[in-house]
Amino acid sequence: MPWRRTADPYRIWVSEVLLQQTRVETATAYYERFLERFPSLAHLARASIEEVLLVWQGLGYYGRARSLHRAARIVMTRHGGKIPRDAGDLERLPGIGPYTARAVSSIAFGRAVAALDGNAMRVLCRLLGLSEDPRRPQVRTGLQRTADSLLPRGDPSAFNQAMMELGALVCTPARPRCPICPLRTVCQALHRDQVLVLPTRARKPKTPLRHAVVAAAWYRGRLLFRKRPPEGLLAGLWELPGTELDHRKKGGSGAFQSLWDSLRGFVSLERIPCRSALTVRHSYTHFREELEVIPCRAQPVQNVRSPRGELGYRWIHPNHLHLYPMTGATRKILKLLGT
């Protein structure tokens, strides 16, 4: 992995942010792309958030990108462009939690702090035979104390990386390679024949399903888009305009009327004959969304401000879509539309 071959704190920090909620294979490609565009902390801090989101596009969890961008600017203005060495100081920056702070502090600066990612926590739970869910705060606190007590003198970076790699390559969730594990002689889960059941995980609640209707609204060869608010879910990304639906209004005239009402005073809409609605499904962390996409012809209403003034509306030609960071659901829709 490329971030294992560098001592640059900035590159190590970027890699740790990318690896949050992302598979190593995916993170590697984005790591190279991100550093090509923003090769230093100064480059990242000078960039606009739109530039950062555009490079991040497709990776998901965009709050990571916004926090990384804000933190880069804070480091430049408050820390003279030097990334803090202490885990406590790092944790005060946007988007940096206990694990990321400890990982950067130990790997980049050699500070004697143990960093516990999901892989390392799984190793410790099996090693100690712990049956509690490691996602519970009190269990994480206990695991952190244990990891701190195990931290050897001399090379905390090697210890932390070894624990992560052991969990990623050997002590895996489904098919652990116990015969080659260097801890097999002292692993309580192996001795009790509980490797495949530890650590335990509380059952996740059923993910709710939301319904929405979206306009693929054309005017003079351009599609209507809106920019999401600067805070909240998918902040700052562009999407096709739409509105949430009561499930009873799915399909037919009810969905189109809801769409018309949501854009009233900004554009008038006319359904394109012989073009049926498309259905797109997209999943987020805490909910799933089913989008009914209605192809429309649109006519702007002159001298009227766009609805919900905090949202920016724009007509964008298909040839220029690559200049705008789009939501994942919007990219799915555009692919179906052939744009």
Taking the six-membered ring for Trp, are [X] and [Y] ring centroids under 6.0 Å apart?
X      : Y      : result
Trp238 : Phe225 : no
His286 : Tyr284 : no
Trp56  : Tyr30  : no

Any chain of hydrophobic side-chain contacts (each under 4.5 Å) joining [X] to [Y]?
X      : Y      : value
Tyr99  : Leu151 : no
Leu321 : Leu337 : yes
Leu334 : Leu53  : no
Val170 : Leu183 : yes

Donor-acceptor check, side chain of [X] to backbone of [Y], threshold 3.5 angstrom: yes or no?
X      : Y      : value
Arg297 : Tyr219 : no
Thr26  : Thr22  : no
Thr141 : Pro137 : yes
Thr330 : Met326 : no
Arg73  : Ala45  : yes
Asn160 : Val113 : yes
Arg226 : Gly312 : no
Arg64  : Gly60  : yes
His191 : Thr185 : yes
Ser106 : Ala103 : yes

Around [X], counting heavy atoms of other residues, nucleotides and ligands shown, do more than 12 lie under 6.0 Å from its [atom1]?
X      : atom1 : answer
Arg177 : CZ    : no
Asn319 : CG    : yes
Arg275 : CZ    : no
Glu36  : CD    : no
Glu25  : CD    : yes
Arg111 : CZ    : yes
Arg288 : CZ    : yes

Do [X] and [Y] come close enough that some side-chain heavy atom pair is under 4.5 Å?
X      : Y      : answer
Arg228 : Thr327 : yes
Pro295 : Trp218 : no
Phe159 : Leu150 : yes
Val55  : Phe38  : yes
Pro134 : Leu143 : yes
Leu198 : Arg122 : no

State, without any angle test, whether [X] and [Y] hold a side-chain donor-acceptor pair at a distance under 3.5 Å.
X      : Y     : answer
Thr28  : Glu32 : no
Glu51  : Ser48 : yes
Gln161 : Arg4  : yes

How long is the straight-line distance from [atom2] of [Y] back to [atom1] of [X], given to the nearest 0.5 Å?
X      : Y      : atom1 : atom2 : value
Leu240 : Leu224 : CG    : CG    : 8.0 Å
Phe256 : Leu269 : CZ    : CG    : 5.0 Å
Arg126 : Leu166 : CZ    : CG    : 10.0 Å
Arg184 : Leu127 : CZ    : CG    : 13.5 Å
Ser105 : Ile83  : OG    : CD1   : 11.5 Å
Leu68  : Gln20  : CG    : CD    : 9.5 Å

Side chain to side chain donor-acceptor pair (under 3.5 Å) between Gln57 and Tyr62, worked out: CA-CA 8 Å; Gln57 184 173 246; Tyr62 289 90; 5.6 Å; no
Aromatic plane relationship, Tyr10 with Trp13 - under 30° parallel, 30 to 60° tilted, over 60° perpendicular: perpendicular
So that I can tick it off, tell me whether [Y] and [X] are bridged by a salt bridge, with the cut-off set at under 4.0 angstrom between side-chain N and carboxylate O.
X      : Y      : value
Arg210 : Glu290 : no
Arg145 : Asp148 : no
Arg136 : Asp133 : no
Glu91  : Arg102 : no
Glu50  : Lys227 : yes

Side chain to side chain contact (heavy atoms under 4.5 Å, CB included) between Leu263 and Tyr313, intermediate numbers included: CA-CA 11 Å; Leu263 294 171; Tyr313 284 71; 3.7 Å; yes
Six-ring centre of Phe109, Arg85 cation under 6.0 angstrom, axis tolerance 45°: no
Pair Leu336-Val280, side chain to side chain contact (heavy atoms under 4.5 Å, CB included): steps then yes or no: CA-CA 9 Å; Leu336 286 175; Val280 172; 3.5 Å; yes
Criterion side chain to side chain contact (heavy atoms under 4.5 Å, CB included) on Asn119 and Leu169, from CA distance to verdict: CA-CA 9 Å; Asn119 288 317; Leu169 302 176; over 6 Å; no
Pair Tyr31-Arg11, side chain to side chain contact (heavy atoms under 4.5 Å, CB included): steps then yes or no: CA-CA 9 Å; Tyr31 176 82; Arg11 290 174 175 252; 3.4 Å; yes
